[in-house]
Protein chains: 2
Amino acid sequence: MIDVKTLCLGVLSRGDASGYEIRKEFEEGPFSNFSDAGFGSIYPALRKLLEDGMISIAQHGTDARPDKKVYRITAAGRQVLCQAVLRHPAPDRLRSDFMFMILFSHLMPARHLERILTDRIEDYERLIEDMERRESCDAAHSPPGEKFVHGLGLAMHRAAAAYLEEHRHQLLEGIRVQTKVAE
Amino acid sequence: MIDVKTLCLGVLSRGDASGYEIRKEFEEGPFSNFSDAGFGSIYPALRKLLEDGMISIAQHGTDARPDKKVYRITAAGRQVLCQAVLRHPAPDRLRSDFMFMILFSHLMPARHLERILTDRIEDYERLIEDMERRESCDAAHSPPGEKFVHGLGLAMHRAAAAYLEEHRHQLLEGIRVQTKVAE
DNA sequence: CTCTACATGTAATAAGTTACATGATTGC
DNA sequence: GCAATCATGTAACTTATTACATGTAGAG
């Protein structure tokens with residue numbers, strides 16, 4: 001499975017960036033579809049990559065931000081990234097508290113279940129809107145791989161949102177009946 | 001985020017099980033939609049849960065398998081599970097090597113890209129078939145939460161599979177053009 | 001003047017993975 | 001007889017998370 005070091009290498013292969021900017025990519029950019037990492041994993045990863053000669057410091061500090069460090073991928077780093085990309089991809093892994101909780105929705109008050117369903121639908125709607133906005137923004141000049149990943153993520157989120165909307169009443173009803181039977 | 005201990009508690013709330021059986025749930029059952037854990041995390045989790053009185057040993061060894069231990073959730077364990085279910089769910093997290101690699105498909109030979117796309121589509125088709133088989137098998141007698149999670153997972157996988165099939169040629173063509181321009 | 005965004009990093013902790021180590025049973 | 005499945009567990013390692021610790025710049 002791809003680790004944070006390789007993820008950072010991936011971001012830097014698209015252009016120089018600081019640790020902070022790399023994190024933004026994980027949060028908002030195309031990388032957000034399949035990864036996330038906080039500062040606590042990015043900074044140590046960058047230190048390691050620097051030690052190993054996979055990246056270099058392109059710029060250290062500006063007038064405004066003396067601490068800022070802009071990293072640049074090296075030839076060695078590019079090679080390592082190419083190798084990583086050629087490996088057979090491990091299966092996708094989804095971690096979802098939401099699904100876990102739904103599985104045990106019979107253990108919660110109906111109000112809470114309604115709440116988490118509504119919240120989740122709203123979350124998806126916001127996310128989809130954001131993605132659609134970005135899509136129309138930079139569709140033309142983004143590379144094919146990026147468009148593909150963006151579209152795939154969007155398709156999955158749309159499917160999830162549609163399913164939630166179409167089946168929430170069925171779930172609520174199912175729970176209601178089950179509760180009545182238990183009485 | 002839900003940890004392996006809570007996941008185990010969730011499985012055991014549905015019935016007694018051994019470590020080995022719990023893992024099967026993570027691999028094949030409804031839990032496979034949103035989690036996975038190997039023996040290396042399940043056994044230590046069970047030990048901890050036992051120490052804390054969240055589970056007990058319902059049966060230790062059979063004629064055939066003297067080592068087998070069947071665990072049972074305790075009242076305390078059930079309480080802890082109920083509390084966990086009431087917390088606000090953390091956002092879902094997807095880790096996908098596949099998407100990472102597609103993002104860098106311009107760094108790989110066209111043959112390799114075709115290969116991972118074909119493989120992935122096949123993987124999805126197999127997975128969807130399996131899920132459909134299980135759906136028709138135990139649709140009637142499975143609780144509403146389980147049906148919902150199953151349906152949601154299926155909807156997402158179908159959307160992904162459909163997207164891959166519909167857009168793979170577009171990606172391949174895009175990469176081809178990009179490579180030509182670079183020459 | 002206050003809030004948000006920018007900016008970096010460490011230390012302690014928690015968690016999870018991999019490799020190791022072993023062995024019986026069942027079906028083919 | 002062989003492969004797959006059942007069955008458990010530990011130790012070493014790698015990884016990632018959380019909390020801590022600090023401070024500037026720009027917008028309103």
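Protein chains get the first letters and strands the later ones, always in sequence-line order, with residue 1 at the start of each.
Between B:Tyr124 and B:His157, the ring planes lie tilted relative to each other; the angle falls in the 30° to 60° range. The aromatic rings of A:Phe31 and A:Phe34 sit tilted relative to each other, their planes meeting at an angle between 30° and 60°. Between B:Phe104 and B:His106, the two ring planes are tilted [angle within 30° to 60°].
Distance, B:Lys5 NZ to C:dA14 C1': 9 Å, rounded to whole Å. Separating the NZ atom of B:Lys48 from the C1' atom of C:dA14 is a distance of 10 Å, rounded to the nearest angstrom. The distance from atom CG of A:Leu46 to atom C1' of C:dT10 is 15 Å, rounded to the nearest whole Å. Atoms CG (B:Asp52) and P (C:dA14) sit 13 Å apart, rounded to a whole Å. Between A:His60 atom NE2 and C:dT8 atom P there is a gap of 9 Å when expressed in whole angstrom units. Rounded to whole Å, atom P of D:dC13 lies 18 Å from atom CG of A:Asp3. B:Ile22 has its CD1 atom 9 Å from the P atom of D:dT8, to the nearest Å. At whole-Å resolution of the value, CZ in B:Phe39 and P in D:dT5 are 12 Å apart.
Within 4.0 Å of A:Gly40, counting heavy atoms only, lies at least one base atom of the nucleic acid. In this structure, B:Lys24 reaches the sugar-phosphate backbone alone: every heavy-atom distance under 4.0 Å involves primed, P, OP1 or OP2 atoms, never a base. Note on B:Phe26: nothing from the nucleic acid sits closer than 4.0 angstrom, heavy atoms only.
Listed nucleotides D:dT8, D:dA16, C:dT8 differ in distance to A:Lys68; the shortest reach to its side chain belongs to C:dT8. Across D:dA16, D:dA7, C:dA7, the shortest atom-to-atom separation from the side chain of A:Tyr20 is found for C:dA7. Closest approach to the A:Arg47 side chain among C:dT10, D:dA7, C:dT8 is made by C:dT10 (side chain taken as heavy atoms from C-beta onward). When distances are taken from the side chain of A:Arg65 to each of C:dC6, D:dT10, C:dT8, the shortest belongs to C:dC6.
Taking side-chain N and O atoms only, B:Ser41 has a distance below 4.0 Å to OP1 or OP2 of C:dT17.
Place A:Ile42 and B:Pro44 on DNA chain D by their nearest nucleotides, and B:Pro44 ends up nearer the 5' end.
A:Arg115 and A:Asp119 are joined by a salt bridge, as a carboxylate oxygen and a charged side-chain nitrogen come within less than 4.0 angstrom of each other. For the pair B:Arg176 and B:Glu173, the salt-bridge criterion is met [side-chain N within less than 4.0 Å of a carboxylate O].
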Verify salt bridge (charged side-chain N to carboxylate O under 4.0 Å, His left out) between A:Glu146 and A:Arg134, making sure each step is shown before the conclusion. CA-CA 12 Å; A:Glu146 196 167 322; A:Arg134 245 176 304 142; over 6 Å; no
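Within residues 86-104 of chain B, no residue is approached by DNA chain C to less than 4.0 Å at the level of any non-hydrogen atom.
Looking at heavy atoms from C-beta onward, A:Val70 lies in side-chain contact with A:Lys68 at the 4.5 angstrom threshold.
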